[in-house]
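Scroll down for the structure; my scribbles are underneath it.
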Amino acid sequence: MAGLPITSRIALLPYCVVALFKIGRWTLSVGRSTFVLSCCSLAAFAAEPNYLSPSDLAVTRDGKTLYVACQTAGEVMVFDTATEKVTARHALTNTHQFALSPDEQRLYLTGGTSYGTLQEIDLKTGKALRSFPAGHTPMSPRVTQDGKRLFYCNRYARTDQPDFHELDIKTGKILRSAKAIREPVTLCLSKDEQTLWVFNHLPLMEANRSNVFTSVSVYDAKTFKQKAKLDLPSGSFAIRDAVMSPDGKHCFVTHTIGRFTVPTTHLDRGWINTSAISVLDVEKCAYLNTALLDDTTRGAANPWGCTITPDGKWLCITASGIHELLVIPVAEFLKRLATCATPKEVVNNLSFLYGAKTRLPLEKCLGPRAVIASGDRVYCANRFSDNLAVVQMWDDGPGGVVPLPLVEQPKEPDLVRHGERIFNDATLCYQQWQSCASCHPDTRSDGTNWDLLNDGIGNPKQSRSMLYAHRTSPVMITGIRASAEIAVEKGFTMIQFQSVTPFYLDTVNAYIKSLEPELSPYRNPDGSLTASAVRGKVIFEGKAECIKCHTPPYYGDKKPYILGLGSDNERNRAFHTPILIEVWRTAPYMYDGRALSMQTVITTDNSNNKHGNTKDLSKKEVNDLAEYVNSL
């Protein structure tokens, strides 16, 4: 069904269920939508061996057993750390991230996308005891010390719906929910369990501001009343992970800092992107500072997972884009922050951690993401090599790296899998500052503007989603690239400042072509349009005349139009019609990111009524039209 529009795929789901039932594959979870995806996942697992894509790690207190979530394979592996062997493999649906119960008898597993689930797994049998519908893309389960409550977040949700929750484990009922800012991807519970820290992946603000940044939200863990909103430095986006120090005093969070206010003329000294670790004061609920993980002539692109050794001595961070583990002595790091004469300059100082930070290449390990410390060992889960890495920690720092296989023979990557790795690989970039994924995290937009040189200088434009780029050429909002293939090649030569082989270009093109949209959270649970969206569809195709340019199946006709909506010297420039598929996840809108919501696009940013016939729409009609567009 991969080539079919989303509505056609939804319509075919019942037939898939029937077919799977006839061949004997059947799993019952709570909710109609959940068992449909569960059946599909089991069928995939029963077919030929798949990639593993290890995505999360959990370890027992004695350090003897490591649990590995394998996202693509749909299973949890049990790894004996003494023998360094996999001792069990449990086929489970919707496998992404998990948390161990305090008694280490249960595993709480979140996963799935539009029909996500939270499952309680019996670790003796590897079977799911209970399964709960958990909303769109549930992530980051966190269990309280008494094992009675669990927190988790939904990366995607409607703007008017909550996206992080507290669940009573005994009853399986949601106790309370609240709304984060945008795409919460990880949670931290303070050591005293009084505050819940919610980390927002991307900024939610107009991209044409002089300062654009994501933030950390801090809530009272018992009431969900917000205590603080901690803004990270300008340009901060792509938060991936966070960790509390063992003493409960500090929280550390990984992210990228985009220098989006300058033209992309070169890469030296992190001119476009730098990689960062921010430090937060837990007791004061305050932002302390941000340090760069890069060196002056070598980047540490795509920082991902972070952990601290149980003794509190070492902060360990996976630099996923360059296949390294970065190790920083916590005491020295905090000392330098406390004694720095110019604290506001730390975020721009590439030498701040010089002499303290150790960069450890993870040989034979590709795409390290999740990382966990146990005793004097640190384990990394490597997405693209389908293995683990273990590093022994000594008094003076890390020892050597030992790759640990999870299967005897990992599946050979096909063209698409190669392309996914190359898209995320910064070792192909000049001085390793960034990868394609640095500005297109998860192949979508990063929420900021960039002043690329393909259509002049001093005219920044929105980072674009890669979805359907090859089917809707020309690409770039001005149509400056005749095809996505050309844009991919120029992305390497003009953004990463390196040429790559035709094979690498073919793989990246194959990967981008394979992308499919996620079902919008603005639809009903069964995938159908809401009543508001049904009304909006009539307006879209009728009086608003949107369909004249935003034509199915991609809701963009690929043609240029002069609407007089450009800024400054681009006021009367022709812009190509963008597609509307998955527009719900790509705010802000307009070519320069000036509009924060679809309602603003329809009203404020259509003052001349040339961008659709929307001038005379009522407020209710505007909301209905926005509902439909956000459902595509």
Side-chain angles (χ1 to χ4, degrees), residues 53-57 238-243 252-257 267 269-270 272-278 290-309 313-330 332-333 350-373 377-394 396-404 420-438 441 496 498:
S53 306
S55 54
D56 203 7
L57 300 169
I239 286 180
R240 291 295 184 182
D241 199 12
V243 64
F252 300 84
V253 52
T254 60
H255 58 94
T256 298
I257 297 179
L267 285 173
R269 299 185 66 85
I272 297 179
N273 276 314
T274 48
S275 300
I277 183 79
S278 286
T290 298
L292 300 180
L293 300 170
D294 318 277
D295 295 324
T296 54
T297 60
R298 187 159 64 102
N302 304 351
W304 206 284
C306 55
T307 190
I308 298 178
T309 53
K313 290 182 61 176
W314 304 101
L315 170 65
C316 303
I317 303 162
T318 54
S320 185
I322 57 169
H323 324 299
E324 290 184 4
L325 181 69
L326 311 179
V327 180
I328 302 169
V330 174
E332 176 64 19
F333 185 14
L350 287 165
S351 62
F352 181 76
L353 289 174
Y354 182 78
K357 174 188 65 193
T358 300
R359 298 180 63 150
L360 203 62
L362 300 177
E363 296 181 8
K364 300 181 180 180
C365 300
L366 300 174
R369 295 192 176 180
V371 60
I372 196 168
R377 294 184 179 187
V378 175
Y379 296 91
C380 304
N382 308 303
R383 178 177 177 86
F384 298 116
S385 51
D386 280 344
N387 63 356
L388 304 178
V390 62
V391 176
Q392 186 89 24
M393 299 299 299
W394 303 95
D396 58 350
V401 177
V402 178
L404 302 174
E420 183 187 0
R421 180 180 68 82
I422 298 303
F423 191 90
N424 287 273
D425 198 326
T427 63
L428 302 174
C429 174
Y430 170 72
Q431 292 187 349
Q432 302 183 359
W433 290 103
Q434 58 196 23
S435 69
C436 305
S438 298
Q496 300 192 44
Q498 293 275 52

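Only heavy atoms go into these numbers, but all of them, side chains included; no hydrogens, no water, no symmetry mates.
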For side chain to side chain contact (heavy atoms under 4.5 Å, CB included), just list the numbers for Asn424 and Ser320, CA-CA rounded to whole Å, side-chain angles, deciding distance to a tenth of an Å, and then say yes or no. CA-CA 8 Å; Asn424 287 273; Ser320 185; 5.9 Å; no
Can you list the steps and then say if Asp295 with Lys357 is a side chain to side chain contact (heavy atoms under 4.5 Å, CB included)? CA-CA 10 Å; Asp295 295 324; Lys357 174 188 65 193; 2.8 Å; yes
Taking atom CG of Asn387 and atom CG of Asn382, what is their separation to the nearest 0.5 Å? 5.0 Å
Minimum heavy-atom separation for Ser385 and Cys365, please, with both atom names. OG-CA, 3.4 Å
What's the verdict on side chain to side chain contact (heavy atoms under 4.5 Å, CB included) for Val327 and Met393, showing C-alpha distance, side-chain angles and the deciding distance? CA-CA 10 Å; Val327 180; Met393 299 299 299; 3.7 Å; yes
Should the pair Phe333 and Phe252 be assigned to parallel (<30°), tilted (30 to 60°) or perpendicular (>60°) ring geometry? tilted
Arg369 CZ to Leu57 CG distance, which is reported to the nearest 0.5 Å: 13.0 Å
Which residues pass the salt bridge (Lys or Arg N to Asp or Glu O under 4.0 Å) test with Asp56, not counting sequence neighbours? none
Among Leu267, Asp294, Thr427, which residue meets the side-chain contact (heavy atoms from CB on, under 4.5 Å) test with Gln432? Thr427
State, with a plain yes or no, whether a side-chain heavy atom of Leu353 is found less than 4.5 Å away from one of Leu326. no
Looking at every heavy atom in both Gln498 and Cys429, which two are closest together, and how far apart are they? CG-C, 3.7 Å
With sequence neighbours left out, the residues meeting salt bridge (Lys or Arg N to Asp or Glu O under 4.0 Å) with Arg377 are none
Is it true that a side-chain atom of Ser275 and a backbone atom of Leu293 form a donor plus acceptor pair closer than 3.5 Å? no
Value rounded to 0.5 Å, distance of CD1 in Ile277 from CG in Leu292: 11.5 Å
Identify the heavy atoms of Ala300 and Arg359 that sit nearest to each other, and give their distance. CA-NH2, 4.0 Å
Does Gly367 offer a backbone N or O that forms a donor-acceptor pair with the side chain of His323 under 3.5 Å? yes
Could you tell me whether the side chain of Val378 reaches within less than 4.5 Å of the side chain of Val371, counting heavy atoms only? yes
Provide the closest heavy-atom pair for Leu360 versus Pro398 in the form atom of the first, atom of the second, distance. CD2-CB, 4.0 Å
Can you name the closest pair of heavy atoms from Val401 and Pro361 and give their distance? CG2-O, 3.5 Å
For Gln392, does the CD atom have more than 12 heavy-atom neighbours from other residues, nucleotides or ligands under 6.0 Å away? yes
The test is side chain to side chain contact (heavy atoms under 4.5 Å, CB included); show your working for Asp425 and Ser435 and say whether it passes. CA-CA 5 Å; Asp425 198 326; Ser435 69; 5.6 Å; no
Please report the interatomic distance OG1(Thr290) to CZ(Phe352), rounded to the nearest 0.5 Å. 10.5 Å
Hey, what do you get for CD (Gln434) to OG1 (Thr274), rounding to the nearest 0.5 Å? 10.0 Å
CG-NZ distance between Leu315 and Lys313, expressed to the nearest 0.5 angstrom: 14.0 Å
Does either side chain, that of Asn302 or that of Ser438, offer a donor lying less than 3.5 Å from an acceptor on the other one? yes
Can you see which heavy atom on Glu363 is nearest to which on Pro403, and at what distance? O-CG, 3.5 Å
Asp241 meets the side-chain contact (heavy atoms from CB on, under 4.5 Å) criterion, sequence neighbours left out, with Thr186, Thr254, Cys306
